[in-house]
Number of protein chains: 2
Amino acid sequence: MLPSHTVENYLKAVFQAQTVLGPDELVPMGQLAAALGVVPGTATAMVKALAQSGLVRYEAYAGVRLTSAGEKLAALVLRRHRLIELFLVKVMGMSWTDVHDEAEHLEHAVSDRLIDRIDEMLGRPAVDPHGDPIPAPEGTVTVPAYDTLLTCPLHSPMVVKRVSDQETDFLRFAERHDLTPGQTVQVEERDTAADSVRLRGTGEREVTIGARAASKVLVEAVPRRPQS
Amino acid sequence: MLPSHTVENYLKAVFQAQTVLGPDELVPMGQLAAALGVVPGTATAMVKALAQSGLVRYEAYAGVRLTSAGEKLAALVLRRHRLIELFLVKVMGMSWTDVHDEAEHLEHAVSDRLIDRIDEMLGRPAVDPHGDPIPAPEGTVTVPAYDTLLTCPLHSPMVVKRVSDQETDFLRFAERHDLTPGQTVQVEERDTAADSVRLRGTGEREVTIGARAASKVLVEAVPRRPQS
DNA sequence: TACCAGATTTTGACAAATCAAAATATCAGA
DNA sequence: TCTGATATTTTGATTTGTCAAAATCTGGTA
């Protein structure tokens with residue numbers, strides 16, 4: 001009765017694709033298949049089964065979307081994933097660049113009891129080491145609407161709130177350029193033609209990064225009174 | 001190429017049956033199947049595949065035994081299992097009576113890197129919360145030869161070194177009667193006819209337990225100078 | 001030595017998850 | 001409206017791990 005690892009991974013992938021595409025869009029099968037590393041036919045077959053179980057709504061040739069039951073399940077998988085990531089960083093002393101792959105396996109193996117212990121031990125945190133929000137045990141998530149380095153005001157100090165990529169390589173890049181959650185940056189210039197963004201970070205250092213990279217760094221204006 | 005969860009479980013089961021039966025005995029298929037909760041035919045099929053992979057030696061109608069490659073792999077699974085158990089008790093504050101089932105899942109999901117961190121964090125321990133020895137990263141195990149409450153000298157203080165059962169119920173029973181590793185007991189009387197053993201434990205409390213239970217509690221004579 | 005009880009193996013079937021490749025649908029553009 | 005490029009679905013096969021039940025083997029006993 002409990003969903004297999006595979007089912008959990010499908011739900012998680014649909015969930016994440018949905019939050020990128022927006023709540024009313026259907027996730028195309030090709031995209032889902034690519035995210036999961038399977039051929040499209042496999043995704044079709046699996047999604048039909050998920051639809052049978054009432055976890056997704058599937059429209060042939062259109063795409064797939066989670067039902068509220070599926071959404072809850074997916075959020076709980078994500079909850080486990082993100083709590084584990086934070087645990088691995090805070091308690092086990094691992095690097096935030098490395099924990100994703102480990103959590104990818106552990107998220108299917110931990111019991112609810114252990115997850116709750118971890119949650120408690122970490123003080124019921126709201127976000128994981130990448131700034132991704134941790135869903136509540138009830139399966140609800142609140143996603144703060146942040147600017148990105150592509151949309152935020154120029155010449156204005158911003159604090160990094162979230163880095164939206166799981167790839168070790170990108171995370172290491174972000175780390176090298178002081179673009180980890182909590183750090184302060186300021187966008188100096190955007191060049192649409194060159195597809196680039198010039199930043200001034202901690203210690204007056206300057207860097208120019210591509211627009212694609214810039215869009216993955218979510219920021220918020222530094223509050224007037226830092227210690228309110 | 002890396003062994004599936006199932007393969008790991010089969011190797012582990014053969015390993016543990018082997019250490020009970022003795023090094024030169026073949027593990028009968030029926031026993032293996034029972035340990036894994038599958039029907040005998042399933043075990044036969046799987047064992048044949050393991051033999052193909054060179055992890056076990058299989059003799060039809062006789063039984064199965066690990067090759068040295070299989071033994072190493074099995075020991076590493078056991079290493080993960082036992083380090084996780086100890087971690088759950090020492091770091092996560094779980095009860096030694098509960099950690100077995102959790103570890104049963106996690107042992108297949110943790111990476112070598114994480115296991116090494118855990119090992120390091122725990123100070124490279126030699127035994128798990130039940131006193132079971134933790135195999136070395138090279139796959140070698142040294143099993144100290146202890147007496148049991150069924151074989152140790154009478155009227156002589158003994159310290160509990162190991163409790164050889166994974167069942168929560170039995171472990172809770174042991175805990176209730178102060179038969180956890182580190183505690184001191186003394187056998188007052190054995191009654192072969194009644195199949196029972198009378199003990200005097202911590203705080204002069206007396207208990208009578210069955211021979212089967214007594215044989216699961218491994219002990220060692222209290223050394224003359226406790227702090228040598 | 002012949003037979004029986006119990007353990008073991010074999011056989012056939014099944015579910016989950018996958019792929020390759022053929023068939024089909026969709027949509028944009030002429 | 002027809003057509004072609006692209007996405008999606010179907011079909012048939014494969015792998016892994018399992019069960020049920022029939023067939024077979026083994027070891028002890030008469």
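By convention in this document, chain letters (A, B, ...) are assigned in the order of the sequence lines, proteins followed by strands, and residues within each chain are numbered from 1.
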Tabulate protein N/O versus nucleotide N/O from nucleotides 2-6 of chain D, keeping only pairs under 3.5 Å, one per line.
none

Practice item. May I ask you to check whether A:His100 and A:His130 show a side-chain donor-acceptor distance below 3.5 Å? Key: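 Judged by distance alone, the side chains do not pair up.
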
**Study point:** Donor + acceptor pair across side chains of A:Trp96, A:Glu175 (<3.5 Å)
**Key:**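 A:Trp96 vs A:Glu175: donor-acceptor pair found between side chains.
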
Practice item. Give the ring-plane orientation class for A:His5 versus B:His5, where under 30° counts as parallel, over 60° as perpendicular and anything between as tilted. Key: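 Because their plane-to-plane angle is over 60°, the rings of A:His5 and B:His5 count as perpendicular.
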
Send over the distance from [X] [atom1] to [N] [atom2], rounded to a whole Å.
X	N	atom1	atom2	value
A:Gln31	D:dT9	CD	P	14 Å
B:Met29	D:dC19	CE	P	14 Å
B:Leu50	D:dT18	CG	C1'	15 Å
B:Gln52	D:dT15	CD	C1'	15 Å
B:Leu36	D:dG17	CG	P	12 Å
B:His108	D:dT16	NE2	P	18 Å

Practice item. Report the C-alpha separation of A:Asp132 and A:His81 in whole Å, then their side-chain angles, then the decisive distance to 0.1 Å, and conclude whether the side-chain hydrogen bond (donor to acceptor under 3.5 Å, both in side chains) test is met. Key: CA-CA 11 Å; A:Asp132 300 324; A:His81 181 98; over 6 Å; no

Exercise for review: Give a yes/no answer on whether the side chain of B:Tyr58 brings an N or O atom under 4.0 Å of OP1 or OP2 in C:dT8.
Suggested key: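 So the side-chain polar atoms of B:Tyr58 never come under 4.0 Å of the phosphate oxygens OP1 or OP2 of C:dT8.
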
**Study point:** Pair A:Asp119 + A:Arg79, salt bridge at N-O below 4.0 Å
**Key:**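 Yes, A:Asp119 and A:Arg79 are salt-bridged.
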
Exercise for review: State whether B:Glu104 and B:Lys12 are salt-bridged, where the test is any N-O pair (Lys NZ or Arg NE/NH1/NH2 against Asp/Glu carboxylate O) under 4.0 Å.
Suggested key: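 So B:Glu104 pairs with B:Lys12 through a salt bridge.
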
Exercise for review: Could you tell me whether B:Lys216 sits above the aromatic face of B:Phe170, with NZ or CZ closer than 6.0 angstrom to the six-membered ring centre and within 45 degrees of the axis?
Suggested key: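 Because its charged atom sits under 6.0 Å from the ring centre and within 45° of the axis, B:Lys216 does stack over B:Phe170.
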
Point to revise | Close side-chain approach of A:Asp147 and A:Glu220, heavy atoms under 4.5 Å | key: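 SC-SC contact between A:Asp147 and A:Glu220 ruled out.
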
Review point. What string of B, S and - do you get for nucleotides 13-29 of chain C, 5' to 3', when a contact is any protein heavy atom under 4.0 Å?
Key: ----SSBS----SS---

